[in-house]
Amino acid sequence: MEKFIIKGGRRLEGEVVISGAKNAAVAIIPAVILSDEPCVLENVPNISDVSISLRILFEMGADVKYIGKNTVRIDATGIKEPIVPYEMARHMRASYYFLGSLLGKYKCARVALPGGCYLGDRPIDQHLKAFTALGAACAIDRGMVDAQAEMLLGSQIYFDIVSVGATINAMLASVKASGLTIIENAAKEPHIVDLANFLNSMGADIMGAGTDVIKVRGVKKLKGTTYAIIPDQIEAGTYMVAAAATKGNVLIKNVIPKHLESITNKLEKIGVNVEEFDDSVRVSVDGPLVKTSIKTMPHPGFPTDMQPQISTLLTLAEGTSIITEDIFDNRFRYVDELRRMGADIKVDGHVAIIEGVGQLMGAPVTAPDLRAGAALVIAGLAAHGVTEIDDIYHIERGYEDIEEKLRALGADIVKKNIPGAAVRKAL
Ligand code: EPU
């Protein structure tokens, strides 16, 4: 088992290049199944969620070849069985995108119920609602989701709640259906637009992605394409917060500043300077950090995936900050860990009240999930003394080369293999 060991208190300075977006990559990789020809994906982040997605394709019979560190050629035309077993699906929430893409291509899919970060109850009723509206019969049988259709027919799909995953699955399943599908109350995240752009580059006819009504006119064939995945908005936001928490000065490169607006806006309220350029932002701090209130919302609101990181920053700010988590029921699991580092945070249901303490102290902590893990890295970078973070496999699901990138910015962070840790965990 591996740990990060961070000696805190160093200002982050220099430049960091942001990788491709995890949540776009894990949708686009299964979407290659819909193509009738090979595809080349560029700017693919080198993270474990991507390796698992590629492994699933490979196990189903696709030809998957890395032709550069972040470039993959995928020929999914040789898929034998549209089945994703439990051993593969359990590692990752996004394995449910194989349902939409296999159903869209083969009119049948059998995929184990997904795993991923435990953030509270994460039902898939809206995904199944979309498949059913398109004419598929869906059932859950011994942990597997079965979806089958004689033919998929364009339809009107109205989502009861805004769901990133259900919007993506509705697009994947309808792109080759007969006729027009109208997806209403759709999610608007940048990765939804990226998936639509990818599918359109293969010859799909999708309009309105990025608004709450997406229109998909089904096409018969999709051709091969070469496509570069957008930069990761959350990885960028995480480095922005890390720069602020260490009172550093960092140029964050390969970003789309528009995607960062809600994060930039809150950082500025906290007293952080953010300068925007065409494809980079510079983050620096030259005054005190101050309290603010944040409520997480679907895009373009403040992203839930940045809530743990910005809450960590607010433990260092003056005054009382209030965080309302409106997307997931259980996204304050990092709070107990931050308390071990000296944070003063009270949680009442969906609300966390943070009393700024100015300074955190290093301590041994455990990453409970991906973004919570990133928050603990930020806490460790800003803290006095040494922080040891266990269960870093969560962090490696979504951050490419995080320790190398932080070290290049001046952080004192190393990854250590702790042989006893696995035994301790098993006891
Ligand atoms: N929901 C339902 N029914 C559904 C689907 C969702 O009730 O059928 C609820 C969820 O329980 C949640 C809300 O709707 O309360 C929003 O969930 P959504 O479906 O939008 O989330 P997701 O697709 O499961 C994706 C990202 C998450 C990110 C959320 C919100 C991927 C693979 N995951 O999850 O990313 O937090 O959208 O933006 O894209 C992360 O990267 O760390 C991460 C957790």
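In listed order, ligands and their atoms are each counted from 1. Side chains are part of it too, since the values below use all heavy atoms of this structure and drop only hydrogens, waters and symmetry mates.
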*Asks:* Could you tell me whether the side chain of Met240 reaches within less than 4.5 Å of the side chain of Ile252, counting heavy atoms only?
*Replies:*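 Side chain of Ile252 against side chain of Met240, heavy atoms only: contact under 4.5 Å found.
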
*Asks:* Under 4.0 Å from any heavy atom of Ile161, which atoms of ligand 1 are there?
*Replies:*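 The list of qualifying atoms is 1 (N), 2 (C), 3 (N), 6 (C), 7 (O), 9 (C), 14 (O).
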
*Asks:* I'd like to check whether Leu370 has a polar contact with ligand 1, where a contact means an N/O of the residue lying under 3.5 Å from an N/O of the ligand.
*Replies:*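 Min N/O separation from ligand 1 is not below 3.5 Å for Leu370.
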
*Asks:* Without hydrogens or angle criteria, can the side chains of Ser201 and Thr225 be said to hold a donor-acceptor pair below 3.5 Å?
*Replies:*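 Yes, Thr225 and Ser201 have a side-chain donor paired with an acceptor closer than 3.5 Å.
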
*Asks:* Any idea which atoms of ligand 1 are less than 4.0 Å away from a heavy-atom of Tyr97?
*Replies:*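 Reading through ligand 1 atom by atom, the close ones are 39 (O).
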
*Asks:* With heavy atoms only and a cut-off of under 4.0 Å, state how Gln126 meets ligand 1: side chain, backbone, both or neither.
*Replies:*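 Both backbone and side chain of Gln126 come within 4.0 Å of ligand 1.
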
*Asks:* So which heavy atom on Ala374 is nearest to which on Tyr399, and how close?
*Replies:*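 Closest approach of Ala374 to Tyr399, heavy atoms only: CB-OH, 3.4 Å.
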
*Asks:* With heavy atoms only and a cut-off of under 4.0 Å, state how Ile327 meets ligand 1: side chain, backbone, both or neither.
*Replies:*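 Near ligand 1, Ile327 shows its backbone as well as its side chain.
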
*Asks:* Quick check on Pro303 - does any of its heavy atoms sit under 4.0 Å from an atom of ligand 1?
*Replies:*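 Heavy atoms of Pro303 never come under 4.0 Å of ligand 1.
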
*Asks:* Heavy-atom distances under 4.0 Å decide this one: backbone, side chain, both or neither, for Ile124 against ligand 1?
*Replies:*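 Under 4.0 Å from ligand 1, Ile124 contributes backbone atoms alone.
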
*Asks:* Could you list which atoms of ligand 1 come closer than 4.0 Å to a heavy atom of Gly165?
*Replies:*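 With Gly165 as reference, the close atoms of ligand 1 come out as 19 (O), 23 (O).
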
*Asks:* With a heavy-atom distance limit of 4.0 Å, tell me whether Asp125 approaches ligand 1 through its side chain, its backbone, both, or neither.
*Replies:*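 Contact part for Asp125 vs ligand 1: both backbone and side chain.
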
*Asks:* Is there a donor-acceptor contact under 3.5 Å linking the side chains of Gln307 and Ser311?
*Replies:*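 Yes, side-chain donor-acceptor contact under 3.5 Å.
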
*Asks:* Go through ligand 1 atom by atom and flag the ones less than 4.0 Å from a non-hydrogen atom of Tyr96.
*Replies:*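 This gives 22 (P), 23 (O), 24 (O) as the contact atoms.
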
*Asks:* Just let me know how Ala166 lines up against ligand 1, side chain, backbone, both or neither, with a heavy-atom cut-off below 4.0 Å.
*Replies:*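 Within the 4.0 Å criterion, Ala166 makes no contact with ligand 1.
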
*Asks:* Ignoring hydrogens and geometry, is there a side-chain-to-backbone donor-acceptor pair from Asp212 to Ala186 under 3.5 Å?
*Replies:*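 Not at all, since once roles are kept as given, no pair shorter than 3.5 Å links the two residues.
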
*Asks:* Against heavy atoms of Phe328, which atoms of ligand 1 measure under 4.0 Å?
*Replies:*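 Selected atoms, number and element: 12 (C), 21 (O), 29 (C), 36 (O).
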
*Asks:* Counting from 1, what ligand 1 atoms have a heavy atom of Lys22 closer than 4.0 Å?
*Replies:*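 Within the 4.0 Å cut-off of Lys22, ligand 1 contributes 40 (C), 41 (O).
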
*Asks:* Within the 4.0 Å heavy-atom shell around Arg331, which atoms of ligand 1 are there?
*Replies:*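 What qualifies from ligand 1 is 36 (O), 42 (O), 44 (C).
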
*Asks:* Side chains of Arg282 and Glu276: closer than 4.5 Å at any heavy-atom pair?
*Replies:*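 Of all side-chain heavy-atom pairs linking Glu276 with Arg282, none is under 4.5 Å.
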
*Asks:* Counting only heavy atoms closer than 4.0 Å, does ligand 1 sit against the backbone of Phe159, its side chain, both, or neither?
*Replies:*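 Neither; no heavy atom under 4.0 Å.
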
